[in-house]
Amino acid sequence: DLTWVVAVVTRYFGGVKLGAGGLVRAYSGATTLAVDEASLVAREKQLLFTLPLAHADAGRIEGELRIAGVTVLGTEYGSRAVLTLAAADPERLAATVAAVTAGAGELAQAGHMWIDV
């Protein structure tokens, strides 16, 4: 039930003693072992939003958003601090931002991205 998976098996011996069937068994065995040992991560396509803030408020608001469960992907600093946020539920994000910023936060949609959940 895996998707978007790539397996790379490297051989350090260049011979053909195993034959085609032996190589297939060796490669599939190595791939099976790697998948069994891997920690699997679910990914979800989420909407991205930017939230411009005054520098003085950015740290506090970012902290409160993280505590509220909002995914903060990063902050860019220019004339204003701009947080990049991801959300599967834009209405919930808007309500959380409104609560944390006392209604002053203005979200702008900025595309989408696959996020590890």
Side-chain angles (χ1 to χ4, degrees):
D1 295 327
L2 301 176
T3 58
W4 296 92
V5 175
V6 174
V8 177
V9 178
T10 303
R11 291 181 57 211
Y12 290 103
F13 174 71
V16 291
K17 288 184 179 182
L18 294 176
L23 290 175
V24 168
R25 283 188 298 280
Y27 291 164
S28 62
T31 302
T32 299
L33 181 62
V35 169
D36 289 344
E37 295 295 320
S39 40
L40 303 178
V41 176
R43 303 192 90 203
E44 182 178 89
K45 190 174 184 179
Q46 294 190 2
L47 294 172
L48 298 180
F49 294 89
T50 56
L51 176 62
L53 301 165
H55 287 276
D57 298 327
R60 176 187 58 81
I61 291 173
E62 178 180 349
E64 290 183 27
L65 289 172
R66 287 182 187 274
I67 289 170
V70 173
T71 302
V72 179
L73 298 175
T75 306
E76 290 184 27
Y77 295 95
S79 60
R80 302 192 77 191
V82 179
L83 301 180
T84 301
L85 312 172
D89 183 353
E91 290 80 22
R92 180 179 172 269
L93 175 63
T96 303
V97 167
V100 169
T101 64
E106 296 180 22
L107 289 170
Q109 193 165 347
H112 62 273
M113 175 185 257
W114 287 92
I115 304 291
D116 296 347
V117 293

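Values in this document were obtained by computation on a predicted structure and should not be read as measured data.
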Using a 6.0 Å cut-off, check whether atom NE2 of H55 has over 12 heavy atoms from anything other than its own residue. yes
OG1 of T50 to CG of L107, rounded to nearest 0.5 Å, is 7.5 Å
Above 12 or not: heavy atoms from other molecules or residues under 6.0 Å from CZ of R25? no
Might you point out which heavy atoms bring D116 and R43 nearest each other, and give the distance in Å? OD1-NE, 2.7 Å
Heavy atoms only: give me the nearest L93-A87 pair and the separation to one decimal. CD2-CB, 3.7 Å
Scanning both residues in full, the closest heavy-atom pair of P90 with L47 reads CG-CD1, 3.5 Å
Value rounded to 0.5 Å, distance of OG1 in T96 from CD in E91: 11.5 Å
Please table the atom pairs, donor to acceptor, closer than 3.5 Å between any side-chain atom in residues 68-83 and protein atoms at least two apart or in another chain.
residue : atom : partner : partner atom : Å
T75     : OG1  : E62     : OE1          : 3.4

Under 4.5 Å between side-chain heavy atoms, hopping through other hydrophobics if needed: is there a path connecting L40 to V5? yes
Do V9 and L23 belong together in a cluster built from hydrophobic side chains that touch within less than 4.5 Å? yes
Note: V97 and T101 closest approach over all heavy atoms is O-OG1, 2.7 Å
What's the shortest heavy-atom distance between L51 and G105, and which atoms? CD1-CA, 3.8 Å
Compare every heavy atom of L53 with every heavy atom of A58, then report the nearest pair and how far apart it is. CA-CD1, 4.0 Å
